[in-house]
Amino acid sequence: MIDPRLLAEDFEQTARRLARKGVDRQLLESAREAAAARRAAIVATDEARRELNSGSAEVGRLVREGRADLAEARRAELAAAGGRLAALESERRRAEESFDDLIARIPNLPDDLVPDGSSEEDNRVVRVEGYDAGAFEGRGLRPHWEVAEALGIMDTERAAKLSGAMFEVLRGGGARLLRGLVNFGLDLHRDRYEETVVPHMVRTEVIERTGHLTKFDTQAYRLRDDELWLLPTAEVALMGLPQGEILAEGDLPKRSMAYSVCWRREAGAAGRETRGMQRLHEFHKVELVSLCTPETSQDELQSLLADCEATLRVLGLPYRVVELCAGDLTFSSSRVYDLEVYAPGTGRWLEVSSVSLITDFQARRGGIRFRRAGSGTVELVHSLNGSGLATPRVWAAIVEHGQQPDGTIRLPEALVPYVGTELITG
RNA sequence: GGAGGGAUGCGAGAGCGGCCGAAUCGGACGGUCUCGAAAACCGUUGUGCCCCAUGGGCACCGUGGGUUCAAAUCCCACUCCCUCCGCCA
């Protein structure tokens, strides 16, 4: 949620900045009106309550002084005042609900550094690393699903028998490759990020406050008999951890990571680039998150980007860094770099990490704050997240890059100790 | 799953329905003293919201309801924690 003060104090500039994300000015005006109505309702109830409070104190005094008749008279007056207060309070509740509803629909402000644009088309390729277009031509490279099915390390048919579309079963070397990747990812980042094992199911309020559960976001799976949700990403658990707490400035930046299974309903994505390991309902990921001070968050974004890139670099996979334009940013983010790995079997760039600066947007809703060392004042932290290693697509890229003419798969050197072989043969 | 006990400020821990945003101790911070430190003594020490804003008001004692002129204190529901029993990786 954005700072509500912006609506009252800096409306025009806020509207201009949000327009870059395609936010309708009408929504902001409604929110501003709702904020004013809410404030008026607060003033009215506070005043009514003040009268009631001082009246009650007076009754207490009279009772103590033994003047029961006066106390009784005053009590009767206050009973009536109590009725008026109740009416004001229900009005206040209505005002707050309508304000909450509107403010929740306003996305985070895009960073001024973010390029203009309305869609994916306008995203800017910042850098391309390790990619040589000529290197893949004429080699007859096949998509990973063909290579993997032929080798018997992936079984889409039987996965469907178990669970339906957009699930995978991995066997033998394919399964070991997945496990090796996860361990590799955790080891690669363990010096800078605290390794954490988190529950894979979280309460409604936790997922709500991370911004991963809204009226428009039906991505997460919900358990039928308990008020719990399956993680769509470990970010939800890692960001849920400090919710409602006040951290010491000295503890920032606070960097942590978690491996988890991730579940996503992917509603509406059926049939779109879903073959093989491109898009699954269930996948494995090492997620990196960081909490930091507002003045360091841009630097922190760059260092998080560097850490996520390191994964692809060490694996020797060609990739590009794409900066999202204002219109393609997600609801909560103010600046995002996507890392896309090149998959030569399909000739596609696959998104394997979204390195996001959320500024204080997520911290405000989650109540994640820190105390300044000098002044002792309390402020919201900035939060960031990115995938340190997202298995399905990195797995796919490794299969496509490593495929040999005889159908086996040669692994990147860095993975050999983790998988226990240089060559996957089945 | 069954039976009990509990949830208060940074921590521990008090709190007859009114004088309780909350005793006391500890911690932290500032000061006095000291060459410096310790000790001692003095002081400060929650968060949010609102306003006619060097001041004032409102809310918050696990969460949500209720009773009452008035709730940390009474009632109801829920959540979590602890102990014991059962079950279990």
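In what follows, chains are A, B, ... by sequence order, proteins preceding strands, each numbered from 1. Predicted model only: the values in this text are computed from it and were never measured.
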Worked verdict on Asp307(A) versus Tyr193(A) for side chain to side chain donor-acceptor pair (under 3.5 Å): CA-CA 10 Å; Asp307(A) 290 334; Tyr193(A) 297 81; 2.6 Å; yes

Taking atom [atom1] in both [N] and [M], what distance in whole Å separates the two?
N: C51(B); M: U83(B); atom1: P; answer: 48 Å
N: G6(B); M: A12(B); atom1: C1'; answer: 15 Å
N: C81(B); M: G62(B); atom1: C1'; answer: 10 Å
N: G1(B); M: C74(B); atom1: C1'; answer: 32 Å
N: A14(B); M: U24(B); atom1: P; answer: 15 Å
N: A40(B); M: C33(B); atom1: C1'; answer: 9 Å
N: G36(B); M: A72(B); atom1: C1'; answer: 47 Å
N: G26(B); M: U79(B); atom1: C1'; answer: 30 Å

Residue Arg369(A), side-chain atoms from C-beta onward, closest of U47(B), G57(B), C51(B): U47(B)

Closest listed nucleotide, where the reference is the side chain of Arg75(A) and the choices are G18(B), G57(B), C49(B):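 When the side chain of Arg75(A) is considered, G18(B) is the closest of G18(B), G57(B), C49(B).
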
Length of the [atom1]-[atom2] vector between [X] and [N], whole Å:
X: Asp46(A); N: C60(B); atom1: CG; atom2: C1'; answer: 13 Å
X: Glu227(A); N: U79(B); atom1: CD; atom2: P; answer: 11 Å
X: Arg93(A); N: C49(B); atom1: CZ; atom2: P; answer: 20 Å
X: Asn53(A); N: U68(B); atom1: CG; atom2: C1'; answer: 13 Å
X: Arg372(A); N: A28(B); atom1: CZ; atom2: C1'; answer: 20 Å
X: Arg38(A); N: C58(B); atom1: CZ; atom2: P; answer: 18 Å
X: Glu47(A); N: C49(B); atom1: CD; atom2: C1'; answer: 16 Å
X: Gln243(A); N: U47(B); atom1: CD; atom2: P; answer: 20 Å

Nearest-nucleotide comparison on RNA chain B, the residue closer to the 5′ end among Ser56(A) and Leu52(A): Ser56(A)

Upstream residue (5' side of RNA chain B) when Arg50(A) and Leu78(A) are each assigned their closest nucleotide: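 Final value for this comparison: Arg50(A).
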
[N] phosphate, OP1 or OP2: any side-chain N/O from [X] under 4.0 angstrom?
X: Arg371(A); N: G46(B); answer: no
X: Arg92(A); N: A59(B); answer: no
X: Arg203(A); N: C80(B); answer: yes
X: Arg49(A); N: A59(B); answer: yes
X: Arg39(A); N: C49(B); answer: no

Consider only side-chain N and O atoms of [X] and [Y], and report whether a donor and an acceptor are under 3.5 Å apart.
X: Arg335(A); Y: Gln298(A); value: yes
X: His212(A); Y: Glu235(A); value: yes
X: Trp229(A); Y: Thr204(A); value: yes

Could you tell me whether [X] and [Y] make a salt bridge, using a distance below 4.0 angstrom between a side-chain N and a carboxylate O?
X: Lys254(A); Y: Asp251(A); answer: no
X: Glu295(A); Y: Arg372(A); answer: yes
X: Glu9(A); Y: Arg32(A); answer: no

Under the 3.5 Å Watson-Crick or G-U criterion, the dot-bracket string of RNA chain B, with | for inter-strand pairs: ((((((((.[[[..)..(.....]]]((((((.......))))))((((((...)))))).[[[[[..)....]]]]])))))))....

Under 3.5 Å: donor-acceptor pair, side chain of Arg264(A), backbone of Pro232(A): yes

Whether Thr196(A) side chain and Val198(A) backbone form a donor-acceptor pair below 3.5 Å: no

Look at all strands and tell whether [X] reaches a base, only sugar-phosphate, or nothing, counting heavy atoms closer than 4.0 Å.
X: Val43(A); result: sugar-phosphate
X: Val63(A); result: base
X: Arg61(A); result: nothing

